[in-house]
Amino acid sequence: METGFLSRNPVSVSNPRFAMMTTNHEDLIGYKFMLAFDGRTPPPRILDWIANRSLGGFTLFRPFNYDNPRQVRELTAALQQAARDSGQAPMLIATDQEGGQLAAMGEGTTQFAGNMALGATRDAELARRVGRAIGRELAAMGVNVNYAPVLDLNTNPRNPSLGIRAFSDDPTLTAVLGAAFIEGLQSAGVAATIKHFPGKGEAAVDSHYKMPVIAHDRARLEAVEFPPFKAGIKAGAKLMMTGHFAIPALTGTSAYPATVARRVMTDFARGEMGFEGVIITDALDMGAITQGAGQIIDVIAAVRAGVDLMLNKDDPDTQERLYAGLHLAHTRELIDDAHLRASVARILSLKEWAGSQPQPDLDQVGCAEHRALEAELARRSITLVRDTAGLLPLRLPDGARIAAIMPHPEDLTPADTSSTIVPHLAAALRAYHPHVDEFVTEHRPLRETITTLRERVTDYDLLVLGTINASMQPEQAELVTELLRLGIPTVTVAMRTPYDLAVYPASTTHLCTYSIQPASLDALAAAIFGEFTPSGRLPVNVVE
């Protein structure tokens, strides 16, 4: 590999071996890309890219790249071997393993309840332990970057894309838990990514489809949205993910997202906040970013603003178009060479750190220690909000019949893996009582379903009625209201966001699980049958 160009214009990193891997302008541009692809093994075009161009790395997605932990370990090993064969620095290999409703690594890994469940425990040490366990499992599979934790505050209960992905609506609690999670994750050799900078909790639309506007003034942002990110930076998070939303208090306009704003990415994130790590975009295929031929304009603007890595989805044509466009922009001096080299140095420094981390044995994935921690989090997060009926703990005659009712899980946003989870409420209850019948409705129950179900459950002695975002799904609220009118003793459960009680306020016994993962529903059953006393506390303000 020719090194003359670099010897004249070196990229400054601590390890000269990595610096020698960048030889020309085209390679500098390649480092800016985090690619995605559809395949359980590396496709030929991906191997060709690694062989002929430099590259930041890859993002793995559950539908495209995941069968089981061993397959992922073999996939990542193949990608890293290709990098070694071409003389490149180690690849950054990333995924979204937040826990809860977003788990890019699926069956076989430990499925922790997620951030809001941690918020309900208010235990920083537990957050640290969960972060480390997630990190150990990712590292064992060869993943060295996790797009977590979310540090947005769920201050808007109707935010369509956040919900239980947030720890809380409280900046202090979020800062403490987020910092602990970061420390745990990175202690396992996996780089943490604080997102979505500088805070999109107030968003009223999903940036996958449209650009939100965060309209608060600077004083409010300093008091609420910014503290968790300051804590994440202080904790040493190695990456920061931009948010595709407008924030006029920093930019002076609502015309474009923070991702493309130098006043946010450089002046604020690096200048005021002191972040020295790698800044990566959120996915570039979102509706908040210009799509089609004009997308390259936003990508050039993001690079000029100070963003280091571009998170691409799996479309090869788009990847090639953006690569060619950035290369052309560089040769036309729209992207300053010194600016680009400083960015590449940050990327190479992260690669150097990632490449120096030991890889745990694969038996760490789903191990007994992590399963026990999964159960601990689930139990400690269960929150009893109301029991004015005095139903709990349940004391039922042996022959009593329970109807377990819940909607079928769906992916409510593109950042969701809930549809992969099999309804588990009835099975969890059967561990404590033999006569439990399961009723799984549509996610938005039809009027016919509500009428039929109302007739079918009239002879049951108890209803355990789970809802999933009923506060934003009026059909679920209607179902609960109709069944409560029957006068049958009923336990209602908010199985995702904890705001559901507000839309069926007649419930007299109500709990929150913050998760539909089996461990959380097993913990719910144990709690309502008196195996333990729920100790979780609402991590967000809920108007009952």
Side-chain angles (χ1 to χ4, degrees), residues 29-68 71-80 82-83 88 90-98 102-106 138 141-148 190-191 193 195-196 207-208 239 241-242 244 259 278-292 295-296 298-299 302-303 307-326 347 350-351 354 411 413-417 420:
I29 293 299
Y31 276 115
K32 304 288 284 184
F33 284 81
M34 290 290 284
L35 301 182
F37 59 86
D38 190 348
R40 270 57 176 176
T41 58
R45 73 172 185 89
I46 291 297
L47 295 175
D48 182 69
W49 184 305
I50 297 173
N52 294 289
R53 300 170 178 168
S54 59
L55 182 63
F58 300 95
T59 304
L60 304 184
F61 292 94
R62 189 168 181 159
F64 306 142
N65 309 116
Y66 187 88
D67 281 338
N68 57 66
Q71 167 264 320
V72 173
R73 184 177 171 111
E74 292 171 355
L75 169 61
T76 59
L79 293 170
Q80 297 293 13
Q88 288 209 47
M91 291 290 112
L92 301 175
I93 301 180
T95 199
D96 280 288
Q97 193 75 345
E98 295 177 7
L102 183 49
M105 302 287 101
L138 291 178
M141 292 183 285
V143 176
N144 52 36
V145 174
N146 192 9
Y147 296 146
V190 174
T193 309
K195 63 183 186 183
H196 304 82
S207 55
H208 286 92
L239 294 96
M241 180 177 284
T242 71
H244 296 330
T259 298
V278 169
I279 298 178
I280 183 170
T281 69
D282 206 341
L284 292 175
D285 65 335
M286 293 184 176
I289 292 290
T290 305
Q291 300 299 301
Q295 188 182 40
I296 186 59
D298 275 354
V299 170
V303 172
V307 172
D308 298 307
L309 288 171
M310 309 292 128
L311 202 172
N312 289 256
K313 286 297 186 75
D314 67 321
D315 178 43
D317 292 339
T318 300
Q319 293 170 1
E320 290 295 332
R321 173 167 48 79
L322 296 180
Y323 175 82
L326 271 187
I347 295 166
L350 178 60
K351 284 172 170 273
D411 295 336
T413 76
D416 199 338
T417 54
T420 63

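Along the sequence shown, residues carry numbers from 1.
A heavy-atom distance below 4.5 Å is found between the side chains of V72 and Y66. Two residues are said to be in side-chain contact when any heavy atoms from C-beta on lie closer than 4.5 Å; I93 and M141 fail this criterion. At least one side-chain heavy atom of I296 sits under 4.5 Å from a side-chain heavy atom of L322.
A distance-only check finds no donor-acceptor pair linking the side chain of Q80 to the backbone of A78 [under 3.5 Å]. Side-chain atoms of D308 come within 3.5 Å of backbone N or O of I279 as a donor-acceptor pair. Side-chain atoms of K32 come within 3.5 Å of backbone atoms of V307 as a donor-acceptor pair (strictly under, hydrogens ignored). Between the Q71 side chain and the N65 main chain, a donor and an acceptor come within less than 3.5 Å of each other. Side-chain atoms of Q319 come within 3.5 Å of backbone atoms of A36 as a donor-acceptor pair (strictly under, hydrogens ignored). With hydrogens and angles disregarded, a donor-acceptor distance shorter than 3.5 Å links the side chain of H244 to the backbone of A283. With R62 contributing its side chain and L102 its backbone, the two residues share no donor-acceptor pair below 3.5 Å. Here the side chain of D48 pairs no donor or acceptor atom with the backbone of P44 at under 3.5 angstrom. A donor-acceptor pair under 3.5 Å is formed between the side chain of Q295 and the backbone N or O of L284.
To the nearest 0.5 Å, atom CG of residue L55 and atom NZ of residue K351 are 6.0 Å apart. Atom CG of D315 is separated from atom CG of D38 by 11.5 Å, given to the nearest 0.5 angstrom. Rounded to the nearest 0.5 Å, atoms CG (N144) and OG1 (T95) are 11.0 Å apart. In this structure, CE on M91 lies 5.5 Å from CD1 on I50, to the nearest 0.5 angstrom. Rounding to the nearest 0.5 Å places CG of L35 at 11.5 Å from CG of L92. Rounding to the nearest 0.5 Å places CE of M286 at 3.5 Å from NE2 of H208.
Nearest heavy atoms, H196 versus D282: CD2-OD2, 3.3 Å. Counting all heavy atoms, side chain and backbone alike, T420 lies closest to T417 at OG1-O, 2.6 Å. Counting all heavy atoms, side chain and backbone alike, A191 lies closest to L350 at CB-CD1, 4.1 Å. The two residues F64 and R40 have their closest heavy-atom pair at O-NH1, 2.9 Å. The minimum heavy-atom distance between F61 and L311, with the atom names listed, is CZ-CD2, 4.3 Å. The two residues F37 and P42 have their closest heavy-atom pair at CE1-CA, 4.4 Å.
Between K195 and E98 there is a salt bridge, since at least one side-chain N of the basic residue sits less than 4.0 Å from a carboxylate O of the acidic one.
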Decide yes or no on side chain to side chain donor-acceptor pair (under 3.5 Å) for T59 and Y147, but give the supporting numbers first.
CA-CA 9 Å; T59 304; Y147 296 146; 2.8 Å; yes
